[in-house]
Number of protein chains: 2
Amino acid sequence: MSERTEKRTSGRPHDPEAAGAVKAAAVQLVRERGYAKVSIAAIAAQAGVARQTVYNRWPSKADLMLEAVFEEAWTLTAEPKPEDGSGAAAQLEAFLVQVFAHLTRNMDPVRALIAAAQEDAAFGAVFRDKFVAPRERVVTALLERAQARGELGAERDAAMLSAFVHGAFWYRMLNGRRLDAALARAIVAEVFAAG
Amino acid sequence: MSERTEKRTSGRPHDPEAAGAVKAAAVQLVRERGYAKVSIAAIAAQAGVARQTVYNRWPSKADLMLEAVFEEAWTLTAEPKPEDGSGAAAQLEAFLVQVFAHLTRNMDPVRALIAAAQEDAAFGAVFRDKFVAPRERVVTALLERAQARGELGAERDAAMLSAFVHGAFWYRMLNGRRLDAALARAIVAEVFAAG
DNA sequence: TACATTATTGGACATGAGTCTAAAAATCAC
DNA sequence: GTGATTTTTAGACTCATGTCCAATAATGTA
């Protein structure tokens, strides 16, 4: 949206191309070799930049990868519109299918970032803020709309059900199972089983 | 159960105290400092053993910790008995309360091992075999008994619901939230909401 | 132009996981 | 006892993350 709002008093400015080059190198290398086999040194070399320059901008490999691989690509364009005519179950299934497709394409870095969030509390907070919470809110909001329209019992706990939904595919993914359309269907079926 | 069944032809035998000393040292140090701050070198030193001796028995720090922290302590004594007179909902809640208590006491190493399972496929397979699958089966079996007794709709997908249950607390745990009795109650309430 | 400020660079540094090797030690078979 | 076998030990080694530092480069201001 807005340009930098920080006051630049003086001093050498950031190399305007460095951040983009580093992110591009990170994306390319992670696709080629997988998260674990990409070192910061290799990314810096590929980007034509000193290793320290990477650390100037990102506190850790995980922070860099989160921004490089996800913030650009996975905008929440898949977010279901409240009034698109279809039922909540169909909306949820469509949303999950899109999420699964994206997760499947980026399975290796996603799993690595969830791992990093366990091992590094500072990154964990960033990860939840930028990645987990927004996606959880989409599903919670969808379920609350479903309750408002009577498609889901008003006595159900939408937040808990949202945790069921996310938990179900996290659990599957973190245990090395596939995320496919059949899983999306099964999740939706159980969430709405009670009507 | 049985003693070593391997044929010992000749050669120096394993130090009979080494494995126990290493596991004890691992448990003690992980409780004192947390998983991330315990090095294999420190464990070996504490156990009075060479570092290589640790690697002779366990392929990685994660494998050692899994065995040291969990295999002894967390036997499935909490497994609900099929015929204890109480309903399936109460059984599930009681089981979850026990599981949560144990996870809470070992939150740091559990999260670290789940992380390690993402980063190391070989350990991931071991972790699922020894840790994840047995606990998943307990809940699935409980839900299937509930269906057989008519306490849960026969059309429900017990395996999917079991993934909901485990996924819900994995998701909570991996996002740094507490696992408490209220969560156990909420999970059970939603699983059985449809009757 | 000179100065203060900040970024970049290249390298050293600390630490930890995991591998490898060579020598010493403990066992069995002969 | 001698030899084959296997474990233990100590230490070197590779590679990674992340920190630290000093020299240099690029900017705004006086």
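We name chains A, B, ... by the order of the sequence lines, and we start the count at 1 in each one. Treat the numbers as computed from the prediction; the structure is a model and nothing was measured.
- The phosphate of C:dT9 has OP1 or OP2 within less than 4.0 Å of a side-chain N or O from A:Thr53.
- Taking the six-membered ring where the residue is Trp, A:His166 and A:Phe169 present tilted rings, their angle falling between 30° and 60°.
- A side-chain donor from one of B:Ser60 and B:Asp63 sits under 3.5 Å from a side-chain acceptor of the other.
- Between the CZ atom of A:Arg57 and the C1' atom of C:dT6 there is a distance of 12 Å, rounded to whole Å.
- One can place NE2 of A:His14 at 10 Å from C1' of C:dT8, the figure rounded to the nearest angstrom.
- Atom CZ of A:Phe123 is separated from atom P of D:dT17 by 14 Å (rounded to the nearest Å).
- The minimum heavy-atom distance between B:Ala146 and B:Ala88, with the atom names listed, is CB-CB, 3.4 Å.
- Atom CG in B:Asp120 sits 11.0 Å away from atom CG in B:Leu113 (nearest 0.5 Å).
- For the pair A:Arg12 CZ and C:dT6 C1', the interatomic distance rounds to 9 Å; values are reported in whole Å.
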Inset, instruction - Report, as a single string ordered 5' to 3', how protein heavy atoms within less than 4.0 Å touch nucleotides 13-22 of chain C: B base, S sugar-phosphate only, - not at all. - result: ---SSBBB--
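- The CD-C1' distance, from A:Glu119 to D:dG18, rounds to 15 Å in whole Å.
- Once rounded to the nearest 0.5 Å, the distance linking CE of A:Met107 with CG of A:Leu174 reads 9.0 Å.
- Protein atom CG of A:Asn56 is 11 Å distant from nucleotide atom P of D:dT19, rounded to whole Å.
- At whole-Å resolution of the value, CH2 in A:Trp58 and C1' in D:dT19 are 18 Å apart.
- The cluster map of Ile, Leu, Val, Met, Phe, Trp and Tyr, joined by side-chain heavy atoms under 4.5 Å apart, puts A:Val132 and B:Leu179 in the same cluster.
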